[in-house]
Amino acid sequence: MAPRRATGMDSVVGVGIEGSAYTRCCVPSGDCLRVQQKVIGSHPGEDPMLIALDDLRDTVRVTCNNELCTVGRYMHRECFDQWEQTVLCYLKTCGRARSWSERQRHQNLWTKKGYDLAYKACGCRCGRGHLKKDLDWMPPPPTANIFGRIEEIDPTGSKKKKRRNRNSRPSLTIGPVGPLVDAGRNRAGSLSCSSSGSSSPPASGSEPSVSPVHGSHSKKKTRIEIPDRIRIAGGANGIFTRRLDFSSFNSLPKSKLNSYQIKTEDEGNHGNDDTRCFILSTLASQGKSKVHCILCEEQLLVFDRYPLVDGTFFLSPRQHAKSCIEVKVEGRTQFLTVVCMACLEGVNGRTIVCRFCNQKWDGSSLILGSMYSYDIFAAMPCCTERIKCNSCYKPVLHPAQRLNFFSDYSHMVPCPHCRTLDTHFVKPLGFCYTRQVSRASLLWP
């Protein structure tokens with residue numbers, strides 16, 4: 001199929017054997033990060049710069065002001081994030097932006113206020129235009145999830161999502177990064193499920209789950225900006241279910257049926273807990289009263305009081321599935337994600353194991369019904385493969401080295417070898433994990 005040269009259309013560079021159209025990553029430098037990490041998400045002989053137009057969930061769309069540009073409109077998310085950092089560095093040197101804080105520069109970059117200053121650093125590879133992030137674009141649903149199952153698509157083919165107003169998105173201010181103890185409940189080592197994102201989950205196995213808390217280290221209060229009509233309703237906005245009983249948790253061991261393992265109380269005054277308001281207002285703005293587990297795709301009801309879901313929410317810098325909802329947290333793009341209780345416990349054949357060391361991922365120690373403000377799959381790397389650079393594929397850390405806090409594994413860090421700044425420890429779930437096959441299934445009937 002020949003490339004198309006038409007305005008308002010994406011540059012299609014080829015068609016796969018199954019009819020899927022592809023385009024190439026249009027990162028301006030031409031240095032696509034996937035080229036140096038072919039083992040991640042690519043097949044032998046496949047051009048790692050190719051982006052399948054039927055699965056755009058891990059991409060960012062940009063626009064070029066040259067109407068005849070045929071370079072393409074999509075970048076891999078990691079390529080965009082690295083390129084965006086170079087544009088932000090340029091913005092630091094521009095006029096009034098020199099007095100802005102890092103957060104202000106990040107917030108203003110793709111708006112008229114910042115882009116008018118930084119556009120010279122956004123040159124397109126076509127040589128005749130400048131690129132800009134498409135803030136109104138939402139990736140369409142792919143045809144299959146990370147374990148190869150076909151996603152459910154509306155049979156009518158109609159688009160139900162309306163164009164979102166960016167200014168209506170809830171924003172969350174996060175406190176300092178570091179492990180904290182919930183002093184109100186005296187839970188040493190357990191994560192405080194507030195939106196501060198500063199606590200560490202209990203360690204698995206025989207390791208003690210005690211967090212290194214300093215006496216002078218205090219927890220800052222978080223602030224969330226949400227519409228008054230949602231705050232009055234406690235974030236529910238009338239679309240969420242009222243939990244009548246806790247019978248859904250009866251499948252858990254009796255030792256876990258307590259308020260230490262299941263979040264049951266608000267931490268704010270008059271029911272305005274910051275974490276709960278953040279989750280409910282985010283979902284309400286999307287018109288979603290149900291969510292999907294990213295591992296098994298089970299649909300889960302969202303409740304208007306703790307425990308909010310029969311599982312746990314978490315924030316990740318990577319969109320692991322199309323059901324993950326994009327939010328802005330301290331100027332950074334994050335994705336609100338959920339894992340169901342059965343997958344956390346690894347019951348009924350839902351266990352997943354590392355593809356490299358075959359170690360089981362265990363989420364049974366995580367608190368149910370609330371939210372972790374970092375990627376829970378990246379928080380405890382089990383082998384060297386999990387700590388390698390996403391660009392040069394060399395270890396970012398020494399195999400025996402570990403970061404101080406679990407939330408550190410979700411932050412952008414520079415590679416000591418190639419200096420690439422990326423969230424190197426947060427990798428695609430399909431790359432890291434596979435389903436554990438039970439011994440019984442291997443035997444002849």
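Numbering starts at 1 and runs along the sequence shown. Computed from heavy atoms alone, side chains included, the values below leave out hydrogens, waters and symmetry copies.
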Student: Quick one: are C415 and S391 in side-chain contact, heavy atoms under 4.5 Å?
Tutor: no
Student: Rounded to the nearest 0.5 Å, what separates atom NZ in K360 from atom OG1 in T351?
Tutor: 4.5 Å
Student: Contact between E78 and D58 at the side-chain level, heavy atoms closer than 4.5 Å - yes or no?
Tutor: yes
Student: Does atom CZ of R128 have more than 12 heavy-atom neighbours, drawn from other residues, nucleotides or ligands, at distances under 6.0 Å?
Tutor: no
Student: Please round to the nearest 0.5 Å and tell me the distance separating atom CZ of R386 and atom CZ of F377.
Tutor: 9.5 Å
Student: Donor-acceptor pairs under 3.5 angstrom involving side-chain atoms of residues 114-121: please list them, not counting sequence neighbours.
Tutor:
{"unit_1": "Y115", "atom_1": "OH", "unit_2": "L131", "atom_2": "O", "d": "2.8"}
{"unit_1": "D116", "atom_1": "OD2", "unit_2": "K112", "atom_2": "NZ", "d": "3.1"}

Student: Can you tell me how far the NE2 atom of H320 sits from the SG atom of C432, to the nearest 0.5 Å?
Tutor: 8.5 Å
Student: Which pairs count as side chain to side chain donor-acceptor pair (under 3.5 Å) when at least one residue sits in residues 79-89, sequence neighbours excluded?
Tutor: E84-W110
Student: What's the separation between atom CG in L315 and atom CG in L336, rounded to the nearest 0.5 Å?
Tutor: 6.0 Å
Student: Rounded to the nearest 0.5 Å, how far apart are CD1 of I294 and CZ of F314?
Tutor: 4.0 Å
Student: Which residues pass the side chain to side chain donor-acceptor pair (under 3.5 Å) test with T384, not counting sequence neighbours?
Tutor: none
Student: side-chain contact (heavy atoms from CB on, under 4.5 Å) with C89: which residues, sequence neighbours excluded?
Tutor: none
Student: Out of curiosity, N108 CG to K113 NZ, how far, rounded to the nearest 0.5 Å?
Tutor: 5.0 Å
Student: Determine whether the aromatic ring centres of residues F431 and F356 are separated by less than 6.0 angstrom.
Tutor: yes
Student: Donor-acceptor pairs under 3.5 Å, side chain of residues 337-345 to any protein atom, not counting sequence neighbours: which ones?
Tutor:
{"unit_1": "T337", "atom_1": "OG1", "unit_2": "F335", "atom_2": "O", "d": "3.1"}
{"unit_1": "E345", "atom_1": "OE1", "unit_2": "K256", "atom_2": "NZ", "d": "3.2"}
{"unit_1": "E345", "atom_1": "OE2", "unit_2": "K256", "atom_2": "NZ", "d": "3.0"}

Student: Between Y374 and Q334, is there a side-chain donor-acceptor contact under 3.5 Å, judged purely by atom types and distance?
Tutor: no
Student: Checking V396 now: which residues fulfil side-chain contact (heavy atoms from CB on, under 4.5 Å) with it, not counting sequence neighbours?
Tutor: C389, V413, P416, H424, F425
Student: Do the side chains of C122 and V87 get nearer than 4.5 Å, heavy atoms only?
Tutor: yes
